[in-house]
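We count ligands from 1, going down the list as the structure has it; atoms in each ligand are counted the same way. Sequence positions, counted from 1, serve as the residue numbers for this chain.
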Amino acid sequence: MVSAVVPTPSRVESLAKSGIQAIPKEYVRPQEELNGMGNIFEEEKKGGPQVPTIDLKQIDSEDNEIRERCHQELKKAAMEWGVMHLVNHGISDELIGRVKVAGGTFFDLPVEEKEKYANDQTSGNVQGYGSKLANSASGQLEWEDYFFHCVFPEDKHDLAIWPKTPTDYIPATSEYAKQIRNLATKILAVLSIGLGLEEGRLEKEVGGMEDLLLQMKINYYPKCPQPELALGVEAHTDVSALTFILHNMVPGLQLFYEGKWVTAKCVPNSIIMHIGDTLEILSNGKYKSILHRGVVNKEKVRISWAIFCEPPKDKIILKPLPETVTEADPPRFPPRTFAQHMAHKLFKKDDHDAAADHKVYKKDDQDSATEQKVFKKDDQDSAGKQKAAKKDEQDANAEHKVSEKDNQDIAAEESK
Ligand SMILES: O=C(O)CCC(=O)C(=O)O
Ligand SMILES: [Fe+2]
């Protein structure tokens with residue numbers, strides 16, 4: 001008798017729908033990444049420190065005092081948390097509803113239909129429908145599929161690769177991207193003023209209207225039979241300047257704040273905004289890029305729509321702006337282009353993974369002793385802040401995030 005060849009599903013959605021009770025070992029994360037994870041619905045109800053909610057209604061108020069109060073709150077949240085729920089952000093619920101329906105309808109298509117949009121990471125084509133590559137036997141996978149594409153500026157986006165179904169996908173998503181771009185300008189102005197800079201400064205430093213690139217990643221997290229063993233998105237900081245996130249009101253986002261994982265509550269009509277590494281660098285660490293991860297569950301599919309606002313890869317050298325540096329507070333980050341910054345994070349990947357990926361990585365900052373003294377930001381941040389667990393290069397491009405985690409740090413921190 002000829003034994004049937006069972007195709008290995010390459011999409012997490014297919015795996016989830018196959019009825020398996022136990023997840024394949026590639027999706028089982030090491031114990032130190034899972035400590036204190038809990039059931040996400042229970043976690044969402046917990047008290048303790050909460051991601052701040054910032055009301056932007058008065059961001060442009062004519063009244064100096066009222067406007068100032070709004071600006072101060074935004075600045076404080078960017079400095080203390082580096083992540084916040086934005087409300088009264090000026091983007092209509094109707095448009096946001098359309099974006100969610102469009103993305104949701106696309107992901108409701110059969111996997112075979114979505115495969116027509118599959119990206120090809122091996123040839124460097126990261127745009128389209130994808131999942132993290134199973135690049136080695138020990139490679140860790142994430143419990144999600146995604147759709148990734150550039151959404152702004154218009155001369156850099158390629159509508160040919162955007163979903164054609166549903167028909168509202170393109171109009172809704174491009175209009176949303178345009179409005180997010182304008183919101184980014186306003187936020188960057190407030191954050192510039194918050195550093196004592198002229199209001200257009202950060203906008204210019206990240207590339208302005210022409211060069212700041214907006215990339216959308218729709219994260220689709222299927223139901224997971226063993227959510228306590230998996231991660232939808234592993235712990236990382238975003239490399240972007242700013243990231244704006246919508247979701248389908250299913251909890252899943254966790255932030256590593258003061259040594260503990262805090263679950264973001266689902267705030268109606270809000271947009272979650274992250275400060276990414278780019279602004280952390282430009283502000284010499286005054287604005288924080290917070291470590292975060294995506295947790296999955298058994299009961300509900302979770303979808304999130306992240307727009308990463310990123311400086312051009314090679315055109316701009318990112319380094320602390322002179323105005324943010326003093327003798328007492330020297331530069332915490334060495335000058336690097338955005339591409340170099342991403343590569344540097346990848347270099348910090350541990351040797352074991354590096355071998356598995358058939359790439360040569362240097363150990364964390366061993367390249368320069370001087371650099372370690374002046375620029376070792378991870379130490380300054382907090383002993384508890386987790387570092388290093390990495391993505392392969394294509395994945396990092398596709399997901400515009402690079403994970404950071406030091407297993408011992410996590411174990412030490414979370415066993416407290
Ligand atoms: O799904 C989320 O809420 C967060 C996803 C995320 O962190 C990312 O795509 O970089
Ligand atoms: Fe992220």
As a quick check of understanding, evaluate side chain to side chain contact (heavy atoms under 4.5 Å, CB included) for M37 and W261, giving each step before the final call.
CA-CA 8 Å; M37 198 153 78; W261 286 105; over 6 Å; no

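- Summarising the local packing, NZ of K76 is surrounded by 12 or fewer heavy atoms from other residues, nucleotides or ligands at distances under 6.0 Å.
- Judged by the shortest distance from any of its heavy atoms, H236 lies inside the 4.0 Å radius around the atoms of ligand 1.
- Coordination check, H274 versus the Fe ion (ligand 2): failed, since every N/O/S atom of the residue sits at 2.8 Å or beyond.
- Within ligand 1, counting atoms from 1 as listed, the ones closer than 4.0 Å to a heavy atom of Y221 are 1 (O), 2 (C), 4 (C), 5 (C).
- Taking 4.0 Å as the cut-off, H292 counts as a neighbour of ligand 1 on heavy-atom distance.
- Classified by interplanar angle (parallel below 30°, tilted 30° to 60°, perpendicular above 60°), the ring pair Y220/F107 is parallel.
- Between W81 and Y257, the ring-plane angle classifies as parallel under the 30° and 60° cut-offs.
- The minimum distance between the Fe ion (ligand 2) and any N, O or S atom of D238 involves atom OD1.
- Within 6.0 Å of the CD atom in E199, the count of heavy atoms belonging to other residues, nucleotides or ligands does not exceed 12.
- Atom NZ of K186 sits in a sparse spot, with 12 or fewer heavy atoms from other residues, nucleotides or ligands closer than 6.0 Å.
- Within H292, the N/O/S atom positioned nearest the Fe ion (ligand 2) carries the name NE2.
- No part of T243 comes within 4.0 Å of ligand 1, judged by heavy-atom distances.
- Here the side chain of Q121 pairs a donor or acceptor atom with the backbone of S131 at under 3.5 angstrom.
- No other N/O/S atom of H236 lies as close to the Fe ion (ligand 2) as NE2 does.
- When heavy-atom distances to ligand 1 are checked against a 4.0 Å cut-off, R302 comes that close only through its side chain, counted from C-beta outward.
- Heavy-atom contacts of D238 reach the following atoms of ligand 1: 10 (O) (cutoff under 4.0 Å).
- Formation of a donor-acceptor pair under 3.5 Å by the K288 side chain with backbone atoms of G285 is found in this model.
- For F308, the closest heavy-atom approach to ligand 1 falls below 4.0 Å.
- Ligand 1 has no atom lying under 4.0 Å from any heavy atom of R293.
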